[in-house]
Amino acid sequence: MGLPGRQTATRALVAAVLAAAVVAQAVAALRPHVPLLLAATAASLAAEGVLHRWQRGMVSLFAKTHADITVRHVLRDLLLVVGLLRLAPEAEETAYTLLVAGLLAFYALHCAIQSASVLVHRTRTLPVLTRNIDASALRLTPAPPALLRRPGPRLLVHGLPATTGLLVTAATGEPGCAAFGIAMSLGLALIGLYDLLVRLLPSRRPAGEQEVLDWFEAWLAEYRPTVGLYFSGGASSAYQANMWLEPLAELEGRPVIVLRERFMMQRIAATDVPVVCLPKVSTLLRLEQSTLQVLIHPSNSGKTSQVLRIPTIKHTFVNHGESDKLSSCNPYAKAYDEVWVAGPAARERYAAAEVGVEDKDVVEIGRPQLDAVRPHSGPPTGTYLTVLYAPTWEGWDGNPGNTSVVEAGENLVRALLADPGVRLLYKPHPLTGSVDARAGAADRRIRELVRAANRERTVEQPADDGELTCRTRELDRLTTASFRAAADSVERMLLQSTPERGRAQAVTRATAAWERAYWASLPEGEHQVVTAARPTLYACFNRADLLISDVSSVVSDFLVSGKPYAVANTSGLSESAFRAAFPTAGAATVLTPDAAGVPALLDAVRHPERDAFAAARAGLKRRLLGPDEPSSQERFDRAVQALCAAARGRRLPGQRRDEATVSVSGTFTLPR
C-alpha cells in the first residue's frame with residue numbers, strides 16, 4: 001500500500017474509533033455499564049489525541065461537518081453525566097446537579113477564552129511586518145502560549161481533569177472526585193482567560209493600525225529607499241526571490257524587499273536588507289509617497305498588478321531564471337517599464353515571440369548571482385568523474401518535454417551508475433511531482449536507485465572530525481532565526497530587528513567554510529541525493545565535471561562555468577529540430593530517453609580532445625549571458641541607476657524637485 005493509501009486507512013481507522021467510542025459510550029450510559037463506559041471514554045480521548053497530533057487534516061474535516069472538538073467534547077462529557085445520573089442514588093441528585101452546573105461554567109469559560117483569543121489575535125495582526133528593522137516603538141511583545149490560541153488542544157487539556165474526575169466518580173460512586181476534576185478545569189480556564197485579558201489592556205497591546213502605519217511612513221522617510229525587490233508567491237516559490245538577495249544587497253543606494261504574504265517573511269533567506277510585508281493594497285500604495293524609485297520583479301503573480309498602479313515607481317522584470325521555455329517570454333512582461341535579461345539570446349527570444357515587449361525596453365544585465373560559479377579548470381583529475389543530474393519539474397502545461405524525470409530519468413541514472421568511475425549528484429527541482437504524480441513516483445524510484453548503488457559500492461568513510469557540525473552550527477547561528485514554537489508574526493518581528501554589523505560578510509565566510517567541510521565529510525565516491533537548501537545548486541556546479549539537465553535556466557546558468565553539459569530530449573522532436581527549437585542546447589550533447597549516448601558523453605568529458613562542443617560553449621555563453629566584462633553585478637547596478645534616473649524624471653512634474661532628485665547612491669551603507 002502506498003503512502004496515500006496508508007493515510008486514507010489511518011484516517012478511516014481514527015474516524016471509526018471515534019464513532020465506535022461514541023456509540024459505546026451511549027450504550028454504556030443508558031444501560032448503565034461502568035467498565036464499558038470507562039473503556040469507551042478512554043478510547044475516545046486517545047483517538048482525539050491522535051487526531052490533533054498526527055491527523056490535523058481530519059480536524060478541519062470534522063469542523064466542516066459541524067462535529068468539531070467542542071461538539072465532541074460536550075457529547076463525551078454529557079454521556080458521562082447521563083451514566084452517572086443513571087448510576088446515582090436519588091439522594092445524591094442535588095450533588096450531580098452541581099456537577100452539571102460546574103461543567104456548564106467550564107464550557108462558558110472555554111467560549112470566553114476563544115473570544116478573548118480572537119481579540120488578542122486581531123490586536124497582533126499588524127498591517128505591516130518587518131525584518132531587519134528596529135520596530136521597538138510598536139510595543140511588540142511575545143505571543144500568548146500556543147495552547148490558548150488553539151481551541152481544540154486547549155479544550156482537551158483544560159477539560160481533561162473534569163473528564164477524568166467524572167470517570168473516577170463513575171468507577172467509585174464518589175461525587176467529590178468529579179467535583180475536584182471540574183474545579184481543576186475551571187481553574188485552568190480562569191488562568192488562561194486572565195492571561196489573554198491582560199494582553200488586551202492598552203499598555204500591553206501592540207500599536208494599533210493607524211499608529212503602525214504612521215510609524216511605517218516615518219521609517220520610509222528616514223531610510224529613504226531607492227530600489228526594492230517586489231515578491232509575491234506560494235510557499236514553495238521563495239527560491240525565486242532568494243536568488244536575487246545577494247545582488248540586491250550589493251547595489252548602490254538603499255535597497256528594500258517588499259513582500260505581500262505574511263508566511264513569506266520566514267521563507268526569505270538570510271539577508272541584511274530591510275524586509276517589509278504589506279498584505280493590504282491600501283498599505284502597499286503608501287509607497288507612492290516614498291522615495292522608492294525602482295521595483296525589481298523576479299516573478300509574475302496575481303498581486304503584481306496591484307503594485308504596477310504606482311506611477312512614481314519604475315518596474316522591471318528580471319525573472320528567476322532564463323531558458324528556452326515559453327515561460328521565459330511571458331506576455332505579462334509587457335506590463336513592466338523594462339525587462340532585464342542575461343544576454344542577446346533573451347533579447348532575440350522576446351523579439352521572436354512577439355508578445356508586445358519592445359526591443360528598446362529590453363536591457364542586458366547578465367546573471368549577477370553567477371559570480372559564485374567557478375570557471376572550468378580542465379578535465380577531471382580525481383578518481384571519480386562527478387556528474388550533476390539536475391532535471392527541472394513538470395510545469396503547468398503538461399508538456400512531456402518539460403522534465404526528463406518521467407521518461408528518461410531512470411535510464412539516465414542507471415547509465416551513469418553503471419560506470420564505476422562516476423559519482424552522481426542527483427538534485428531534483430523542489431516542485432517535482434507537484435503537478436504530475438508520475439514525476440513524483442519516478443523521482444522516488446531514482447532516489448532508490450542511488451541508495452542501492454551506494455550499498456553496492458565500497459567507499460572509505462572519512463573520519464568525523466566534527467568540522468561539519470561546527471561549521472553548520474556557526475552558519476545556522478548567522479542565518480537561522482530561532483523562535484519558540486508558539487511565536488507568531490509579531491514575536492518574530494520583535495526578534496528579527498536590526499542585524500548585527502558585519503553579519504553579511506560573516507555569512508559569506510561561514511557559507512564558504514561550510515561548503516568545504518560538507519564536501520570533505522562525504523566519501524569520495526559516494527553518490528548523493530541533494531534536496532536540502534544547502535548545498536546550493538551553484539555549489540553543486542562547482543563540484544560537478546558534467547551537468548545533465550533539461551531545457552531550463554539550470555543549463556543557461558551552468559554555461560558560465562564553461563564545463564560540458566548535456567540536455568535530455570523528451571520532446572519527441574528529432575535532434576536537429578530540438579536544437580533549432582531550443583538554442584540553449586546548441587552546445588550540448590543531446591541525450592535520448594533511452595540514455596544510449598551516456599557512455600560516449602562520459603568519454604568526451606574524460607578526454608577533452610574528443611569534446612566537440614568546447615568552442616561552441618564559449619560562444620553560446622556570450623550569447624546567453626553576455627560578456628565577461630564588465631561583470632554582471634556592475635551591469636545590474638548600472639541598469640538600476642539608469643531606471644532610477646528615469647523614475648526621478650517622471651516625478652518632476654508632480655513633486656517637489658528636492659524630493660525627486662534624491663541621490664540613489666546616498667551615504668547609507670548596509671551593515672556588513
Does R367 use its side chain to pair, donor to acceptor, with the backbone of D557 at less than 3.5 Å? no
Can any side-chain N or O of T472 pair as donor or acceptor with the backbone N or O of L468 at less than 3.5 Å? yes
For K303, the side-chain hydrogen bond (donor to acceptor under 3.5 Å, both in side chains) test, sequence neighbours excluded, returns E261
Qualifying side chain to side chain donor-acceptor pair (under 3.5 Å) pairs, either residue in residues 133-146, two or more places apart: R124-T141, D134-S136, R139-E211
Do side-chain atoms of E252 reach the backbone of D637 as a donor and acceptor pair under 3.5 angstrom? no
Consider only side-chain N and O atoms of W340 and E338, and report whether a donor and an acceptor are under 3.5 Å apart. yes
Determine the minimum heavy-atom distance between P298 and W244, stating which atoms define it. CB-CD1, 3.7 Å
Between Q505 and T508, do the side chains contain a donor N or O and an acceptor N or O under 3.5 Å apart? no
Can you confirm whether the side chains of H158 and H110 place a donor and an acceptor under 3.5 Å from each other? no
May I ask you to check whether N300 and Y336 show a side-chain donor-acceptor distance below 3.5 Å? yes
Can you confirm whether the side chains of Q266 and R131 place a donor and an acceptor under 3.5 Å from each other? no
Centroid-centroid under 6.0 Å between H297 and Y230 rings: yes
